[in-house]
Amino acid sequence: IAGITQAPTSQILAAGRRMTLRCTQDMRHNAMYWYRQDLGLGLRLIHYSNTAGTTGKGEVPDGYSVSRANTDDFPLTLASAVPSQTSVYFCASKRTGGDEQFFGPGTRLTVL
Amino acid sequence: RKEVEQDPGPFNVPEGATVAFNCTYSNSASQSFFWYRQDCRKEPKLLMSVYSSGNEDGRFTAQLNRASQYISLLIRDSKLSDSATYLCVVNIGGSSNTGKLIFGQGTTLQVKP
């Protein structure tokens, strides 16, 4: 692995279903982030984690949960998907003391 | 009012043209500033950081005006490969792990032959 990977690349999901988006980084960055990107709204922060074992809420956390059991992985779970969660989801990471965030390739999620 | 505002464009310019984008931010406590580039259906990538003294990287020049709370990006001698969306980004928490990035919605640039 080089950088950040996300899976799946895309997914079509029925409303009400549970879904976990995966994010893994091999740069040993402490901080990780989940964003959603919607047309006309830009990137909005869903949840973040400053270090393994801690998480925090971003701008639009409702309907989403995260966990950070180790440094490398930061999964995002939709407990019961709704159509308004149709979006492109980006995971990102940042090293301690740095400003630049490195993004994964994104997951395109469609909830019907 | 959005925390970071940009003109979404699109800006359509011919090859070789000079184009400038502006961005305004509302949080006076913002500590660091960036321009990210995003190609269609791809992830954002850091283009350059923006410093108070202004900084230049090849054909790209970024400037920050803290008093007026705006950031600019100038692209000289535009290339077809410059076609992308340019995201103005503000960090309101500094370089510690608690720093959070606020993204503008992006300005789309189309460079035509």
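Values below: every heavy atom of this structure, side chains too, minus hydrogens, waters and symmetry copies. Not measured: the values here are computed from a predicted model. A note on names: the letters A, B, ... follow the listed sequences, proteins ahead of strands, and every chain is numbered from 1.
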Neighbour count >12 (heavy atoms, 6.0 Å) for atom [atom1], [X]:
X      : atom1 : value
L80(B) : CG    : yes
I12(A) : CD1   : no
R59(B) : CZ    : yes
Q63(B) : CD    : no

Contact class of [X] relative to chain B, heavy atoms under 4.5 angstrom:
X       : value
R44(A)  : neither
L43(A)  : both
F102(A) : neither
Q37(A)  : side chain

Tell me, with the steps shown, if L101(B) and Y35(A) meet side-chain contact (heavy atoms from CB on, under 4.5 Å). CA-CA 10 Å; L101(B) 297 185; Y35(A) 296 89; 3.9 Å; yes
For chain B, find which of G40(A), G106(A), G58(A) contributes the most heavy-atom pairs closer than 4.5 angstrom.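 Of the candidates given, the most pairs with chain B belong to G40(A).
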Hey, what do you get for CD (E100(A)) to NZ (K45(B)), rounding to the nearest 0.5 Å?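 So the CD of E100(A) and the NZ of K45(B) are separated by 10.5 Å.
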Point-to-point distance, once rounded to the nearest 0.5 Å, from CG of L46(B) to CZ of F103(A):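 One finds 10.0 Å between CG of L46(B) and CZ of F103(A).
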Say whether [X] and [Y] are linked into one hydrophobic cluster, either directly or through other cluster members, by side-chain heavy-atom distances under 4.5 angstrom.
X      : Y      : value
V50(B) : Y70(B) : no
Y86(B) : F11(B) : yes
Y89(A) : Y33(A) : no
Y36(B) : M32(A) : no
L21(A) : V88(A) : no

For [X], is it the side chain, the backbone, both, or neither that has a heavy atom closer than 4.5 Å to a heavy atom of chain A?
X       : result
I102(B) : neither
Q6(B)   : neither
P8(B)   : neither

Side-chain heavy-atom pair Q6(A), E43(B) within 4.5 angstrom cut-off: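 The answer is no, as the side chains (C-beta and beyond) never meet within the 4.5 Å cut-off.
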Go through the steps to decide whether Q101(A) and F34(B) satisfy the test side-chain contact (heavy atoms from CB on, under 4.5 Å), and finish with yes or no. CA-CA 11 Å; Q101(A) 289 189 13; F34(B) 312 90; over 6 Å; no
